[in-house]
Amino acid sequence: MPNLKRKKGTIGILTGGGDVPGLNPAIRAVTIRAIREGFKVVGIRRGWKGLISCIRDKILNQDECFQILTEEIVNKVGRTGGTFLHTSRTCPSHIPKDEVPDHLQDKYADSINDLTPEVLNNLDFLGIDYLVVIGGDDTLSYGVHLSKKGMNIIAIPKTMDNDVPGTDYCIGFSTCITRTIEMTHSLRTTAGSHERILVIEVFGRYAGFTALLPTMAGAANRCVIPEYMFRIERLTELLVQDRFTNPSHYSVALISEGAMFEGGKMVFEKGEMDQYGHRKLGGIGDHVTALVQETSSRFNKGRKINVINQRLGYLVRCGNPDAIDSIAPMAFGNLALNLVLNRSGGRLVSLRNGRYDDVPIDVVTSTKKVVDVEKYYNCERLRPHYESFEAKPLFIMTSDY
């Protein structure tokens with residue numbers, strides 16, 4: 001039963017950045033525990049965008065910016081994918097002039113504007129004592145900024161790339177890996193039927209876990225990751241060899257979207273940057289496909305080998321969460337409430353070496369979490385390298401940062 005004796009305060013929750021399965025279970029866990037502990041819970045809509053769009057007028061209907069959360073609301077969506085609060089890639093400290101809310105246009109007229117004062121004033125207007133921020137390193141980096149301004153921030157790590165420092169696990173990663181393995185195995189039937197090479201592009205801007213782990217699990221013969229610049233000739237040679245030794249005459253490579261050719265740069269789908277300074281990646285798989293097909297004749301007695309090209313994209317981040325992305329968010333949400341009850345702001349809930357814990361939130365901006373190439377990647381063979389699984393975390397390669 002809810003604690004009706006005394007209201008302990010108000011907790012805000014927001015989700016920012018890309019959607020992943022597991023966000024709604026995390027929101028549900030925070031909300032139900034908070035209500036039963038005697039807190040009011042406010043869901044901020046569209047991530048940080050809701051906190052720059054809010055108008056400080058109690059008479060206005062502002063359902064577009066926030067909503068009061070109840071057990072009934074979160075129970076209905078707690079098993080589903082995505083985020084019912086919606087999300088955005090808004091960074092309040094870097095708002096372009098044309099994206100400044102209408103009611104603030106006269107106040108903020110620069111080409112790029114810092115709306116942090118509006119965020120802090122809106123949090124005060126909403127009476128929020130603690131803000132639970134669920135997001136990746138971009139969303140959480142602004143949480144670090146607010147924490148330094150004195151706001152009580154509790155961070156929950158979310159990203160299917162699993163690249164938030166301070167934790168072995170981020171919400172969305174398990175479902176991404178599960179889907180990648182399943183879809184790669186499904187595509188094998190086409191690659192095998194036509195005796196071709198299969199090139200699959202997967203997410204992974206700076207960290208190659210989403211390509212490395214499925215390859216380790218046997219989904220692919222080779223993988224290329226952002227942490228190591230590869231030679232297309234070597235990748236082609238290996239894939240042709242793999243195809244030759246396979247009784248069904250096909251081979252498979254997973255390509256991280258942030259992977260780079262030796263001496264080259266990342267391949268971008270669009271030129272414009274988002275508010276965090278990132279351009280949209282995409283297309284490296286197309287380049288690899290064309291070059292592998294063109295180069296394959298050098299290793300196949302002068303005959304080219306046809307290549308199948310598939311970008312998994314949003315297929316690995318949509319839909320319902322798997323088991324881990326149903327359980328871990330529930331644990332993270334309850335950890336967040338423990339921190340609130342202990343009056344411990346400025347923390348990131350984490351999973352380290354198989355144990356749930358929390359660390360200072362500024363770890364998010366103080367280091368980078370990427371694959372340790374020397375320990376876990378065979379640069380000559382373009383595939384995972386590991387010597388022992390003893391005392392390693394569940395996903396093996398995700399504890400080093």
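Note that the coordinates shown come from a computational prediction; the quantities given were computed from them, not determined experimentally.
No more than 12 heavy-atom neighbours from other residues, nucleotides or ligands sit within 6.0 angstrom of NE2 on His94. With a 6.0 Å radius and a threshold of 12 heavy atoms from other residues, nucleotides or ligands, Phe125 has its CZ atom above the threshold. Counting heavy atoms of neighbouring residues, nucleotides and ligands inside a 6.0 Å radius, atom CG of Asp102 does not exceed 12 of them.
Counting heavy atoms from C-beta on, the side chains of Val30 and Ile156 come closer than 4.5 Å. Between Asp110 and Lys97 the shortest side-chain heavy-atom distance does not fall below 4.5 Å. Annotation: side chain of Asp168 is not in contact with side chain of Phe395 (no heavy-atom distance under 4.5 Å). Ile255 has its side chain out of reach of Val202: every pair of non-hydrogen atoms, C-beta onward, lies at least 4.5 Å apart. Using a 4.5 Å heavy-atom threshold, the side chains of Val119 and Ile52 count as touching. At a threshold of 4.5 Å between non-hydrogen side-chain atoms, the residues Pro117 and Leu120 do not count as touching. By the 4.5 Å heavy-atom criterion applied to side chains, Ile177 and Ile181 are counted as neighbours. A heavy-atom distance below 4.5 Å is found between the side chains of Ile11 and Val132.
Using a cut-off of 4.0 Å between Lys/Arg side-chain N and Asp/Glu carboxylate O, Arg205 and Asp161 are scored as not salt-bridged. No salt bridge links Arg243 with Glu195; every basic N to acidic carboxylate O contact stays at or beyond 4.0 Å. Looking at Lys304 and Glu294, a side-chain N of the basic residue comes within less than 4.0 Å of a carboxylate O on the acidic one, giving a salt bridge. Salt bridge Arg179/Glu182: absent, no basic N to carboxylate O contact under 4.0 Å. The residues Glu64 and Arg45 are annotated as not salt-bridged, no charged nitrogen and carboxylate oxygen being separated by less than 4.0 angstrom. Using a 4.0 Å cut-off between a side-chain N of Lys or Arg and a carboxylate O of Asp or Glu, Asp362 and Lys148 do not qualify as a salt bridge. Using a 4.0 Å cut-off between charged side-chain N and carboxylate O, Glu387 and Lys375 make no salt bridge. Between Glu257 and Arg311 there is no salt bridge, since no side-chain nitrogen of the basic residue lies less than 4.0 Å from a carboxylate oxygen of the acidic one.
At least one test fails for Arg188 against the ring of Tyr250: distance under 6.0 Å to the centre or angle within 45° of the axis.
The distance from atom CZ of Phe299 to atom CG of Leu238, rounded to the nearest 0.5 Å, is 9.0 Å. Atoms CG and CG, from Asp358 and Leu335 in turn, are 7.0 Å apart once rounded to the nearest 0.5 Å. One distance of note links CG of Asp325 with CE of Met330; it measures 12.5 Å at 0.5 Å rounding. If you take CZ on Arg347 and CG on Asn338, they are separated by 12.5 Å, rounding to the nearest 0.5 Å. Here CG of Leu51 is found 11.5 Å from CG of Asn121. Values are rounded to the nearest 0.5 Å. The line from CZ of Phe209 to CD1 of Ile225 is 8.5 Å long, rounded to the nearest 0.5 Å.
Residues Thr178 and Asp322 have side chains that bring a donor and an acceptor to within less than 3.5 angstrom of each other. No hydrogens or angles considered: nothing links the side chains of Tyr206 and Glu227 as a donor-acceptor pair under 3.5 Å. Of the N and O atoms on the side chains of Thr167 and Ser350, not one donor lies less than 3.5 Å from an acceptor on the other residue. Between the side chains of Arg46 and His86, not a single donor N or O lies within less than 3.5 Å of an accepting N or O. Side chains of Asn122 and Arg56: a donor on one and an acceptor on the other come within 3.5 Å.
In this structure, the side chain of Asp114 engages the main chain of Thr116 through a donor-acceptor pair within 3.5 Å.
None of Val41, Val74, Val133 except one satisfies the side-chain contact (heavy atoms from CB on, under 4.5 Å) rule with Ile13; the exception is Val41.
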Pair Asp138-Arg89, salt bridge (Lys or Arg N to Asp or Glu O under 4.0 Å): steps then yes or no: CA-CA 8 Å; Asp138 286 335; Arg89 297 190 183 277; 5.4 Å; no
